[in-house]
Amino acid sequence: MSDPVNNDAVTPGERSELQVRRNAMMVRGLARRKAADRWFRWLGFIAVAFSGAMLAFLLVNMTSAGVGGFQRSEVRFAIPLAGAMQIDAERLTQPDPLGGLELAGLPKVVEDAATAGLGSDGLLADGAWREVATTLIEDPSLLNGTLRVSLPASDPLANAQRGDGKVALQPVARKLVSEGKLVRAFDKGFLSRSDATSPQSVGIWGALKGSMLTMFITLILAFPVGVLSALYLEEYAPKNRWTEWIEISINNLAAVPSIIFGLLGLAVFLAIFPNFRSAPLIGGMTLALMTMPVIVISGRNAIKAVPPSIRDAALAIGASKVQVVFHHVLPLALPGILTGTIIGMARALGETAPLLMIGMRAFVASAPSGFTSPSSVLPVQIFLWSDEIDRGFVERTSAAIVVLLVFLLLMNGIAIYLRNRFEQRW
Amino acid sequence: MNAEAIHTEVKAETTPYFDAPLKMSAKNVSVYYGDKRAIDDVSIDIPQRYVTAFIGPSGCGKSTFLRSLNRMNDTIANARVEGEITLDGDDIYRSGMDVVQLRARVGMVFQKPNPFPKSIYENIAYGPRIHGITGSKAELDEIVEQSLRRAGLWDEVKDRLADSGTALSGGQQQRLCIARAIAVDPEVILMDEPCSALDPIATARIEELIDDLRSRYAIVIVTHSMQQAARVSQRTAFFHLGKVVEYGKTSDIFTNPREERTKDYITGRYG
Amino acid sequence: MNAEAIHTEVKAETTPYFDAPLKMSAKNVSVYYGDKRAIDDVSIDIPQRYVTAFIGPSGCGKSTFLRSLNRMNDTIANARVEGEITLDGDDIYRSGMDVVQLRARVGMVFQKPNPFPKSIYENIAYGPRIHGITGSKAELDEIVEQSLRRAGLWDEVKDRLADSGTALSGGQQQRLCIARAIAVDPEVILMDEPCSALDPIATARIEELIDDLRSRYAIVIVTHSMQQAARVSQRTAFFHLGKVVEYGKTSDIFTNPREERTKDYITGRYG
Amino acid sequence: MSPAILLLLAFGLSLLGWLAARSRAWAFRRKDPQVRLHSLPNFHGWYVALWVGVPALLFAALWAAISPALITGHVLADPASAVLPNFGFERETLLAEARSVATGRAFGVFNEEAQALVAPYRTAITLFDSIGLVVTILVAFAGGAFAFLRLKPDFTARTRVERAVMALLLIASLVAILTTIGIIASLVFETIRFFGMVSPLDFLFGTHWSPDPMSAGAPDGSEYGAIPLFWGTIYIGAIIAMIVAIPLGLMSAIFLTQYASNTVRKVVKPLLEVLAGVPTVVYGYFAALTVAPMVRDAAHAIGITNASTESAMAAGLVMGVMIIPFVSSMADDSIAAVPQAMRDGSLAMGATTAETIRKVIVPAALPGIVAGVMLAISRAIGETMIVVMAAGASANLTGNPFESMTTVTFQIVAMLTGEGSFDHPATLSAFALGMVLFLVTLTLNFIALRVVKRYREAYE
Amino acid sequence: GCGSQEAGTRDQVRAVGSSTVYPFAKAVAESLAKADPSIKSPIIESTGTGAGMKLFCAGVGAQFPDIANASRRMKKSEFADCQKSGVKDIVEIQVGLDGVAFAEAQNGPGFALSPEDVYKALAKTPYGKPQTAKTWKDVNPSLPAEPILVYGPPSTSGTRDALKELILTKGCDENAEMKALKDGDKDRHDKVCGDVRDDGAYVDAGENDNLIVQKIEANPKAIGIFGFSYLEENEGRIKGLTMKGVTPTYATISDFSYPGARPLYIYVKKAHLKAIPGLAGFVTEWSKLWSKDGVLAKLGMVVAPDDVLAASAKAVNDLPVLDGAELK
Ligand SMILES: Nc1ncnc2c1ncn2[C@@H]1O[C@H](COP(=O)(O)OP(=O)(O)OP(=O)(O)O)[C@@H](O)[C@H]1O
Ligand SMILES: Nc1ncnc2c1ncn2[C@@H]1O[C@H](COP(=O)(O)OP(=O)(O)OP(=O)(O)O)[C@@H](O)[C@H]1O
Ligand SMILES: [Mg+2]
Ligand SMILES: [Mg+2]
Ligand SMILES: O=P([O-])([O-])[O-]
């Protein structure tokens with residue numbers, strides 16, 4: 001233990017010449033450096049704020065445009081039903097009451113009433129009488145009175161109300177609006193109907209159900225395969241050329257453009273199952289191939305995050321490899337795997353391009369009945385509608401986007417919640 | 001240091017052999033990581049019912065050698081063991097040896113306490129369950145209680161067996177890990193710096209516990225604290241650069257080392 | 001160990017004060033991580049031109065206290081310091097204190113060598129550049145050479161100043177980090193277990209270096225090796241559970257500790 | 001017997017096998033408490049269950065594949081089948097209809113002729129279902145008996161079951177390889193056909209892209225020089241989008257990792273992820289309807305008269321926004337991989353945070369950031385919906401960002417959903433373009449992953 | 001059946017093909033489903049005519065579509081394909097017309113064009129000579145001196161095919177030399193008359209015609225070319241351009257006095273008629289809706305001349321088999 005006094009250098013309590021000089025110089029530069037630091041911080045903040053603003057802009061833009069899409073133009077008038085048709089209330093309780101009403105001439109009665117009430121024909125949507133018929137079947141007693149109805153307007157009138165379409169109709173529309181006979185009303189059928197020709201009568205349910213069926217197939221294929229591959233690669237795979245190939249292909253598949261998967265689905269799946277063109281089964285299989293690598297990668301990260309000490313602990317009391325993996329590693333990695341899966345599924349839910357390649361851009365007027373019946377999916381429906389001629393589809397497209405975004409935000413929200421909830425620091 | 005309760009011993013010139021019955025024995029063991037030799041031709045006998053300590057500077061191969069005793073090295077991709085290690089005369093590296101069973105017989109406790117993130121009860125019950133030691137709930141309860149008692153943890157946790165094992169303090173966690181190891185009734189317990197993450201009080205408890213346990217098991221402990229080796233062990237092996245420089249009675253090693261390097265190390269010339 | 005060439009000293013009852021001029025001084029310092037108190041009411045004086053060692057069992061707060069001396073704790077989100085720490089009598093925690101300047105005056109060397117992934121030259125030149133100590137290339141070259149010389153690294157690297165700093169061996173890297181710290185000519189150098197990642201030979205070189213450096217700087221070193229503390233320091237503070245149990249001349253602490261706990265620790269009863 | 005019932009049967013029998021084997025294993029112990037089982041009774045159970053279930057399932061699958069043909073054969077042997085036309089779709093339809101009715105999937109026939117076949121179908125189905133059922137059960141029992149008889153206290157059931165699990169995992173991970181092979185296979189044949197009609201050199205280096213899918217064939221005015229497509233792809237995806245995404249993404253990552261408080265980070269990171277989660281079709285719609293007109297008007301306002309609505313700019317900008325979170329999270333990862341010690345080292349020298357970031361952290365994270373950018377580029381050039389909806393179809397080789405440009409992905413969609421017939425080089429060019437796209441992204445990813453890996457290792 | 005699959009059946013009509021026919025086919029499908037609730041609504045897929053033909057001609061059976069919609073006639077090569085795969089009996093029905101309309105913004109200068117002007121302005125090599133025209137005045141002195149800027153359909157669309165066939169070639173053939181070339185070197189004739197300039201004056205505008213509308217609305221000096229239905233729908237924003245003095249209207253297109261009409265077809269697989277429930281009904285439904293006051297006209301389809309309608313109606317009834325020799 002040496003404790004000598006060193007006399008060669010500075011005297012105690014003083015600073016060397018360099019130290020003094022340095023301190024003086026530093027003070028001079030300090031303000032500038034501080035300012036640079038603040039600037040840099042601001043730039044970062046601006047970058048984040050820009051992204052946030054874009055997101056807000058996009059969401060607000062879509063929602064505000066989409067609100068109109070949940071509405072439809074309706075015309076209001078009265079239908080004098082008493083004595084208009086040769087049909088009694090009794091008939092409406094028997095089978096096929098709709099056919100009975102049609103036979104009795106309800107379509108014409110409704111149309112005439114519309115013409116009379118609105119002052120010109122062609123303002124009521126085709127098939128609007130069916131809504132009247134439904135009302136009547138629910139309450140046959142209405143047959144004897146005058147029914148005040150609010151029925152969908154025809155497409156040209158609806159367009160005219162927005163100031164689009166046929167020029168001649170626009171003054172008519174303005175007049176009807178001022179009289180309170182033409183209104184925009186919430187269209188509750190939008191969520192329960194399927195695709196149609198007229199924007200006044202389209203709905204999103206068919207595509208939504210198609211998306212759900214497709215996602216189901218994707219999930220049951222991609223999840224087990226993804227998790228098992230992740231387990232293999234993290235826990236079992238020896239380091240050799242084969243497993244390296246597996247790793248490389250998984251990492252690459254995660255970044256292969258989605259449209260290429262569409263080409264694969266077209267060339268392979270549709271060649272094997274030509275019967276199932278446009279079906280959620282094929283769509284789900286194609287998307288599963290896309291989603292699987294995402295699950296594998298997030299799964300591997302989650303598995304990697306399980307501390308080796310847990311594995312050691314289990315091994316050291318004589319647990320076998322499979323027991324270690326299934327008793328300890330997998331349960332601990334599960335929240336992470338689920339998070340990755342949800343994010344992968346959300347991506348698949350929004351995927352369009354590959355499905356265009358495998359026939360899911362079909363017009364399907366009824367909700368799909370199963371995994372093998374032709375169907376559309378939400379994003380493709382959006383794409384199809386965005387290409388429609390009728391301007392009434394513009395709002396409908398935004399409304400469909402809102403529906404899709406709601407689902408995606410929900411899924412992302414769950415994923416984020418899961419991650420925060422189960423985030424583990426070991 | 002109750003190093004005195006030792007039987008008479010035969011002293012060999014270079015490798016010390018003891019009269020105590022041998023539990024494990026390593027002959028000319030070398031361990032490689034890839035091309036790198038981490039253990040170089042080590043021969044050591046582990047006697048029954050003794051605590052054997054491995055000391056030596058960091059990186060000298062203590063952990064490597066310890067892990068080769070229950071084949072935990074198998075989990076490291078490029079690790080390779082040469083030579084012979086026997087447990088009750090049976091070569092543990094022979095083909096056909098069931099590693100799972102071996103590890104049930106040669107338990108291990110690690111440097112950092114690593115309880116499973118499960119309940120205390122499940123931590124202990126896990127081993128007996130996977131080894132099918134018992135099927136009945138009552139018997140399992142019995143095993144859990146016994147193991148926790150032996151690890152000196154029963155009184156502290158008996159009212160909260162359903163709590164997570166990770167919610168215990170560091171020292172308690174380490175005792176839980178010891179309890180977990182003894183729940184499968186092993187024959188040898190290996191401990192790799194079991195106290196280095198613990199505070200002095202917890203360390204003292206574990207050391208006491210080790211002293212208790214040695215009445216039933218052969219215990220091998222790696223430690224970087226010479227004081228600890230002196231306190232708990234009856235036999236000490238001094239490792240240096242992958243070789244065993246000296247191996248013998250703990251009292252001899254600390255008071256009267258045969259090798260210069262041992263002496264330098266003991267007196268703090270390096271490390 | 002030439003422990004004899006010591007000045008006369010004034011001994012206080014509980015906190016030792018030295019005749020050596022003070023460089024830094026901590027008064028009633030407590031450090032919290034969130035709600036947890038890691039340092040509890042510590043008062044210590046750091047004398048000029050001495051090496052002060054902090055020893056104590058793991059987790060006792062040595063690093064925490066050391067980092068509070070140059071406000072490196074500021075980088076930890078939930079760390080909070082109470083009490084007063086002065087540098088040349090100036091409170092470093094006063095508002096308006098410039099951390100950037102403080103850290104240039106109180107340099108730090110870490111446990112694991114952490115050279116920047118740049119050339120050796122750039123590693124050294126980094127500090128003088130950012131502080132604008134010099135603008136001229138020649139002067140900068142001069143500073144680089146001076147610093148490397150003082151860190152005893154010049155001869156080994158003078159022909160490869162353009163090589164990456166990470167390509168050096170561990171011991172060289174650590175000396176590079178020391179050279180980097182002294183390139184801005186600090187007044188105090190803090191070292192947190194600077195040798196724990198090094199082999200004995202590299203350790204010896206660093207220890208020599210520390211002894212050299214103390215002619216110009218106040219040096220504080222954290223170490224877990226009591227041998228090292230004894231070898232390099234003139235003052236030693238023994239930390240335990242966040243408190244300073246004893247602080248005084250190194251020779252006194254090791255040969256004649258006042259406190260029972262210090263003695264227990266020194267003699268290996270725990271740790 | 002529907003495949004579902006055979007499946008259930010196989011599972012049921014497996015369960016039985018599992019229970020039986022397990023209790024047998026317990027019996028070993030009861031008989032002699034000294035005996036130490038090599039494996040847990042559960043493993044004995046699984047071993048037998050696998051031997052019961054797997055062969056039975058394989059047989060059930062086989063039976064599901066061949067029995068329809070057998071059933072139809074049996075029906076055709078029936079005199080009632082004389083009503084059938086000799087061949088063709090109608091005959092198949094009638095058979096299929098009769099089968100649907102017989103199995104109860106349909107309630108009535110659409111073609112009257114099929115009615116006569118319903119009864120024979122019923123008989124045949126009953127017959128072959130019974131055969132299938134019986135054989136499945138036999139197979140299950142045979143497997144079960146084989147396995148059951150091997151059970152002994154020291155039987156290594158665990159080792160065997162674990163080997164089966166391992167095989168399952170291996171098979172799962174082979175799916176990735178199969179997919180890669182599938183992609184290559186589905187592109188390569190058509191690509192070769194295309195290059196049989198159009199010289200690869202003209203394709204790769206030609207500067208005019210004017211395929212005419214409607215033309216009769218070879219010597220038409222079509223030119224397949226893909227350079228304008230490559231240029232459009234690069235200009236939109238690798239230049240404009242990256243000019244937006246790289247600085248914003250990088251600065252976001254820096255702000256979030258180095259400056260932002262924990263709370264801010266907790267809120268903002270998920271928001272960025274939401275931006276990444278917005279479907280591309282929505283971005284496309286947004287680009288086409290909102291951004292493109294704004295860009296065009298802005299261009300007109302600054303005097304660029306030939307600005308097109310479908311400008312490369314609009315597509316590129318929106319794509320850039322879409323990529324921001326991607327770049328930011330990759331940059332975030334590589335900045336996080338720079339050891340804290342590096343940052344501490346710099347701060348301890350008295351550097352400010354900005355200096356530390358610019359001079360130490362970013363240079364150290366650079367390989368990772370570059371790799372991230374490469375991945376981002378590969379994603380941008382493969383992006384389809386935005387360009388389909390917002391970029392143009394004209395293969396312009398221009399540097400003016402306000403003009404319309406087309407991309408590889410756009411042309412793939414256009415060619416495959418266009419009017420050309422499928423043996424026309426224009427349609428086949430889609431596969432060649434797909435191949436190029438695949439190879440380019442593959443190369444980019446490959447290099448990027450290598451860089452990331454090497455660089456991660458450097459710090460571990 | 002195919003491969004290992006069971007020979008199946010299908011209870012839903014499937015039609016594939018042209019994007020131009022797509023909206024009309026949709027309407028027909030919808031109308032059929034409404035009229036007869038026992039029939040499942042047909043599936044209509046817009047694949048483009050070519051891809052549709054490929055699917056259609058792949059064979060007979062449940063996995064192949066029943067109908068191909070086409071915005072042009074089936075090609076000989078496609079017919080041969082069909083025959084090869086066993087699709088022997090095909091019924092061709094013309095369902096109506098599509099007009100290729102030229103339009104400009106409401107406040108545009110009012111170009112009065114002729115096919116010849118258009119050809120000279122848009123050809124890659126007008127009459128075999130390099131294209132030099134910069135403004136419309138260069139093409140025809142009576143036209144305004146505005147730069148030529150035309151937004152038109154991309155080469156992958158049927159509308160482009162129609163543009164080529166109905167306008168460009170017609171304008172080209174006004175020149176006697178070219179007309180002669182037609183009989184001499186047909187390939188060269190096709191090239192000279194059909195190739196569109198690619199120097200930026202003609203802009204491929206993608207498949208989304210709504211965007212073309214927006215574009216010309218924003219740029220009053222530009223001209224847009226698209227299906228007539230878009231012109232109808234966007235009446236308030238854009239106006240049709242006269243061609244040789246004729247304004248595009250229903251009447252002028254359907255009597256071919258506006259030179260931009262092209263026939264739209266559906267091709268039906270006869271072998272499927274008895275097998276697929278609803279197929280016959282679907283074909284009949286077309287004939288119910290294609291009249292002047294029918295739903296399709298409302299959607300913007302141009303009704304075919306009466307004689308064509310009569311022939312088509314007869315075809316719906318008699319289902320005559322298409323003769324490959326008629327095709328090009
Ligand atoms: N997985 C591994 N791969 C390669 N080398 C390794 C591995 N594990 C350890 N080593 C090397 O083997 C040598 C012995 O390591 P070991 O961990 O056995 O030392 P130790 O004596 O336990 O040290 P400590 O006291 O630090 O725990 C060291 O040089 C180490 O770097
Ligand atoms: N960032 C942090 N957040 C919360 N607690 C911390 C943090 N860093 C250290 N601690 C705690 O503060 C106490 C003191 O830690 P410190 O690192 O100062 O100990 P030490 O004496 O340096 O130990 P060692 O010898 O292991 O380095 C410990 O209990 C530790 O767990
Ligand atoms: Mg070790
Ligand atoms: Mg420390
Ligand atoms: O799909 P097309 O109408 O352009 O043939």
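Order of the sequence lines sets the chain letters (A, B, ...), proteins ahead of strands, with each chain counted from 1. Fair warning: this is a prediction, and the values are worked out from it, not measured in the lab.
Looking at B/Val106, the atoms closer than 4.5 Å to chain A (heavy atoms on both sides) all sit in the backbone: N, CA, C or O. Interface residue B/Arg67: only side-chain heavy atoms are found under 4.5 Å from chain A. Contact of B/Pro186 with chain A is not made at all, since no heavy-atom distance falls under 4.5 Å.
Contact record, A/Glu235 with A/Lys321: O-NZ, 3.0 Å, taken as the closest heavy-atom pair.
Annotation: A/His327 is in aromatic contact with B/Tyr126 [ring centroid separation under 6.0 Å].
Using a 4.0 Å cut-off between charged nitrogen and carboxylate oxygen, B/Arg160 and B/Asp163 count as a salt-bridge pair.
Residues A/Leu213 and A/Ile217 are not in side-chain contact: their nearest non-hydrogen atoms beyond the backbone lie 4.5 Å or more apart. Annotation: side chain of B/Val222 is not in contact with side chain of B/Phe65 (no heavy-atom distance under 4.5 Å).
Highest contact tally toward chain A, considering only B/Lys118, B/Arg105, B/Met72, is held by B/Met72 [criterion: heavy-atom pairs under 4.5 Å]. Chosen from A/Pro238, A/Pro331, A/Ala314, the residue pairing most often with chain B at heavy-atom distances under 4.5 Å is A/Ala314.
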